[in-house]
Amino acid sequence: MLSLSLFVTLIALTSVQAKVVHLNWNITWVKAAPDGFERRLIGINNEWPCPSIEVNMGDRMVVDVYNGLGDQPTGIHWHGFRQYMTATMDGALGATQCPILPGKSMRYEFNASTSGTYWYHAHQTGQYPDGLRGPFIVHDPSPPFQYDEEFTLTLSDYYHEEMQTLLQSYDASASATNPSGLEPLPDRTLINDAVNTTITVKPNTTYLIHLICIGNWPGHVIIFDDHELTVVEIDGVFIDPYTVTGKHIRLATGQRMSVLLHTKNDTSRNYAVWDSTDVNMMFFYENRSIPANFNNNATAWLVYDKDKPLPPAPIYTELDPGRDFVDDLIFVPADHQPILEPVDHRIVLDTDQAFVDNAGQMRVNGQTYIMPETPTLYTAISASRRNQTSDVSVYGQVNPFVVEYGQVIEVVINNHHGNLHPWHLHGHQFQVIQRTGVEGGYFNGYFANVSSTPVRRDTIMVQNHGHAVLRFRADNPDMFSPFP
Ligand SMILES: *[C@@H]1O[C@H](CO)[C@@H](O)[C@H](O)[C@H]1NC(C)=O
Ligand SMILES: *[C@@H]1O[C@H](CO)[C@@H](O)[C@H](O)[C@H]1NC(C)=O
Ligand SMILES: *[C@@H]1O[C@H](CO)[C@@H](O)[C@H](O)[C@H]1NC(C)=O
Ligand SMILES: *[C@@H]1O[C@H](CO)[C@@H](O)[C@H](O)[C@H]1NC(C)=O
Ligand SMILES: *[C@@H]1O[C@H](CO)[C@@H](O)[C@H](O)[C@H]1NC(C)=O
Ligand SMILES: *[C@@H]1O[C@H](CO)[C@@H](O)[C@H](O)[C@H]1NC(C)=O
Ligand SMILES: *[C@@H]1O[C@H](CO)[C@@H](O)[C@H](O)[C@H]1NC(C)=O
Ligand SMILES: *[C@@H]1O[C@H](CO)[C@@H](O)[C@H](O)[C@H]1NC(C)=O
Ligand SMILES: *[C@@H]1O[C@H](CO)[C@@H](O)[C@H](O)[C@H]1NC(C)=O
């Protein structure tokens, strides 16, 4: 009787708290000048930066998206959301839906079923660096740590030219004036889509800071001058609190991290927050020299007293990733989920860059990706009616791997390219079994020090000429697939 009444009470509480969050979005071009240079950016409801979404765990999201751009298709991905049984709402164009054409709309409807730090962004070529991205925070009613207040900081590299223009030379054949396949260099680094961002803080207060790398290309190191950080969440996964000492945290594109910061007990001065983008990625690994006046740093400030000066950021020279950055493999998920064993199915991805018609293209297992006209999920649904789901030839040139419901999948990513590449898995979090350093070589067996409770996240940086080994359980079918 006792347990029954408790159960009923819990249900009642949940249904009181959970609510429907209905957003109406008109995606439009907006003029803005975040760093003083005006250009058109993609905004929402005629505003840029795009709005931050904050909801409670269990809320139901209903987002009506109208494409008011006029000249480009669009679609929104909810990065890190599990989309359990709602794969058609994931927003991955060509994989889970067709693009939303100009003048058309689509309703996204899904549950904010897990708490943590997420973001949303356009999943149409080049559109999120053109502005269409924002934070998406899902609050937990009882997180395994305490804090007084919270705020979010987004980190990004930023470009004055529109991506469609920049991509033309990136994709074009190499020539004397155009080194094909070489990423365009960013013009600025932005914190909260701005330069000179100030954050007003109270003394003697514990802040939960949601950090989100919404950038296009390089990794970001963020340093709070003279304040200690304790990492408590990565990519929606609570971790055993990890206090950072003697090193700095780095976020790859798509990664998130929540940190606790306890402010000083006095308001005698303000402090710089410094974000620097990865010069190895942008220059040294690509044999490029740093142009004069190039500035890969951005500064924001923790303001204790608005009448006091904003001090410059401290100078750090020669940050060495291997020595100075926290290796995310040392984090331990708070639920101590054991390593997934045994592996039922191993997938090996050998990735490299090749020159096709003298134009640089990224490949997986010797193949480029060609976006299919029919989204892969829908091909799978119709193939299942003909018992052809496991026939990889029906999907087109998308490098398909078919797995069985409930299997433990191991993904080995060998990065044969001379630069770093972040990888993101939709609909699942993966355990990171191992990852080499830069130039660490390709998979040829497990390291001796594999953790029994590996770090779990949804986005990982794979180092140049190195590899990573990931595991996840294939437990997220779409609503049409047969499963036990
Ligand atoms: C979207 O915004 C544009 C620009 O303001 C406007 O012309 C259009 O009518 C809006 N469409 C909808 C469906 O709100
Ligand atoms: C940011 O601050 C610097 C230094 O005060 C100033 O020179 C610059 O104009 C500011 N930029 C913007 C876009 O406000
Ligand atoms: C989403 O949440 C609603 C309300 O709690 C529930 O009725 C529905 O079954 C959930 N959907 C999925 C796919 O879990
Ligand atoms: C800081 O806050 C704690 C808890 O709120 C309080 O006990 C303490 O006295 C405060 N210290 C100062 C110096 O204000
Ligand atoms: C602030 O004061 C509290 C106790 O009053 C102490 O525990 C804490 O270490 C102090 N914090 C700083 C940053 O000095
Ligand atoms: C940079 O130079 C090294 C050594 O010559 C070479 O192996 C590498 O492929 C070059 N990288 C690029 C992106 O050209
Ligand atoms: C950016 O920060 C790095 C590391 O502190 C420093 O070496 C470099 O000089 C800075 N660049 C500029 C333009 O301030
Ligand atoms: C479906 O195909 C598999 C192998 O491709 C076969 O083993 C199975 O019997 C088929 N099922 C039906 C219902 O035809
Ligand atoms: C595990 O071992 C490998 C190879 O010996 C080493 O590169 C890596 O840093 C180690 N990782 C940890 C987390 O100790």
Side-chain angles (χ1 to χ4, degrees), residues 56-57 79-82 113-119 137-153 205-213 219-224 227-252 254-263 321-341 408 422-425 428-437 446-461 468-473 475:
N56 294 320
M57 194 164 84
H79 187 117
F81 277 80
R82 180 155 155 76
S113 53
T114 50
S115 63
T117 308
Y118 305 94
W119 62 303
I137 312 297
V138 184
H139 296 290
D140 198 301
S142 49
F145 47 82
Q146 293 196 327
Y147 63 97
D148 303 310
E149 306 208 358
E150 63 192 300
F151 61 88
T152 298
L153 294 180
T205 303
T206 302
Y207 286 89
L208 175 66
I209 310 175
H210 303 279
L211 301 168
I212 312 177
C213 182
H220 290 247
V221 174
I222 182 157
I223 298 174
F224 293 77
H227 285 73
E228 193 175 70
L229 303 179
T230 299
V231 185
V232 291
E233 180 228 320
I234 53 164
D235 294 358
V237 178
F238 289 137
I239 61 164
D240 286 349
Y242 179 89
T243 299
V244 179
T245 46
K247 296 201 181 215
H248 305 297
I249 50 174
R250 174 167 69 167
L251 287 90
Q255 289 185 331
R256 293 89 62 207
M257 206 178 256
S258 289
V259 297
L260 296 176
L261 176 150
H262 189 79
T263 53
R323 182 194 61 206
D324 298 321
F325 299 163
V326 175
D327 180 353
D328 54 351
L329 264 71
I330 65 176
F331 298 140
V332 176
D335 60 12
H336 289 206
Q337 186 196 71
I339 186 168
L340 291 168
E341 292 183 303
V408 172
W423 283 76
H424 167 51
L425 182 63
H428 306 77
Q429 292 162 339
F430 48 73
Q431 295 181 334
V432 187
I433 308 303
Q434 69 187 26
R435 178 188 51 199
T436 68
Y446 301 106
F447 294 163
N449 57 5
V450 169
S451 168
S452 56
T453 52
V455 66
R456 198 166 75 242
R457 61 186 319 167
D458 61 49
T459 307
I460 178 96
M461 187 67 106
V469 180
L470 320 173
R471 283 185 194 170
F472 67 96
R473 190 177 293 281
D475 60 358

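Hydrogens, waters and symmetry mates are skipped; everything else that's a heavy atom, side chains included, is used.
Scanning for salt bridge (Lys or Arg N to Asp or Glu O under 4.0 Å) contacts around Asp475 gives Arg82, with sequence neighbours left out. By the side-chain contact (heavy atoms from CB on, under 4.5 Å) test, Gln146 is found to be paired with no residue, residues two or more places apart in sequence or in another chain being considered. By the ring pair (Phe, Tyr, Trp, His ring centres under 6.0 Å) test, Phe331 is found to be paired with Tyr242, residues two or more places apart in sequence or in another chain being considered. Under the side chain to side chain donor-acceptor pair (under 3.5 Å) criterion, Ser113 pairs with no residue at all, not counting sequence neighbours. In this structure His210 satisfies the side chain to side chain donor-acceptor pair (under 3.5 Å) test together with Thr117, Glu150, Ser258, sequence neighbours excluded. Legend: residues meeting salt bridge (Lys or Arg N to Asp or Glu O under 4.0 Å) with Glu149, ordered by chain and number and at least two apart, are Lys202. In this view, Phe151 and Tyr207 satisfy the ring pair (Phe, Tyr, Trp, His ring centres under 6.0 Å) rule, not counting sequence neighbours. With sequence neighbours excluded, the residues satisfying side-chain contact (heavy atoms from CB on, under 4.5 Å) with Pro143 are Asp140, Phe145, Tyr147, Phe238. Checked against ring pair (Phe, Tyr, Trp, His ring centres under 6.0 Å), His428 has the following partners two or more places apart in sequence or in another chain: Phe472. Applying the salt bridge (Lys or Arg N to Asp or Glu O under 4.0 Å) criterion to Asp235, with sequence neighbours excluded, gives Arg256, Arg457. In this structure Asp335 satisfies the salt bridge (Lys or Arg N to Asp or Glu O under 4.0 Å) test together with Arg456, sequence neighbours excluded. Contacts of His424 classified as ring pair (Phe, Tyr, Trp, His ring centres under 6.0 Å), with partners at least two apart in sequence or in another chain: His77, His79, His426.
Residues Ile249 and Leu211 have side chains in contact (heavy-atom distance under 4.5 Å, counting atoms from C-beta outward). A 4.5 Å side-chain heavy-atom check between Pro422 and Gln255 finds every atom pair outside the cut-off. When side chains are defined from C-beta on, Glu233 does not count as touching Leu208, because their heavy atoms never get closer than 4.5 Å. Contact annotation: the side chain of Arg473 approaches that of Val408 to within less than 4.5 Å [non-hydrogen atoms, C-beta and beyond]. Taking 4.5 Å as the limit, every side-chain heavy atom of Val138 sits out of range of all side-chain heavy atoms of Thr114. In this structure the side chain of Thr245 reaches within 4.5 angstrom of the side chain of Glu228, judged on heavy atoms.
Across Asp328 and Val455, no two heavy atoms sit closer than the pair O-CG2, 3.5 Å. What you find for Ser451 and Pro454 is that their closest heavy atoms are OG-N, 3.5 Å.
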Audit row: Asp327, Lys247, salt bridge (Lys or Arg N to Asp or Glu O under 4.0 Å) steps and yes/no: CA-CA 10 Å; Asp327 180 353; Lys247 296 201 181 215; over 6 Å; no
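Atom CG of residue Leu260 and atom NE2 of residue His262 lie 11.0 Å apart, to the nearest 0.5 angstrom. In this structure, the separation between CZ on Phe447 and CG on Leu329 is 9.0 Å, given to the nearest 0.5 Å.
Checking Ile223, Val326, Val259 one by one against Val244, the side-chain contact (heavy atoms from CB on, under 4.5 Å) holds for a single residue, Val326. Checked against Ile234 for a side-chain contact (heavy atoms from CB on, under 4.5 Å), the options Asp458, Thr459, Ile239, Leu251 give a single hit: Ile239.
Using a distance-only test at 3.5 Å, with no hydrogens or angles considered, a donor-acceptor pair links the side chain of Gln431 to the main chain of Pro338.
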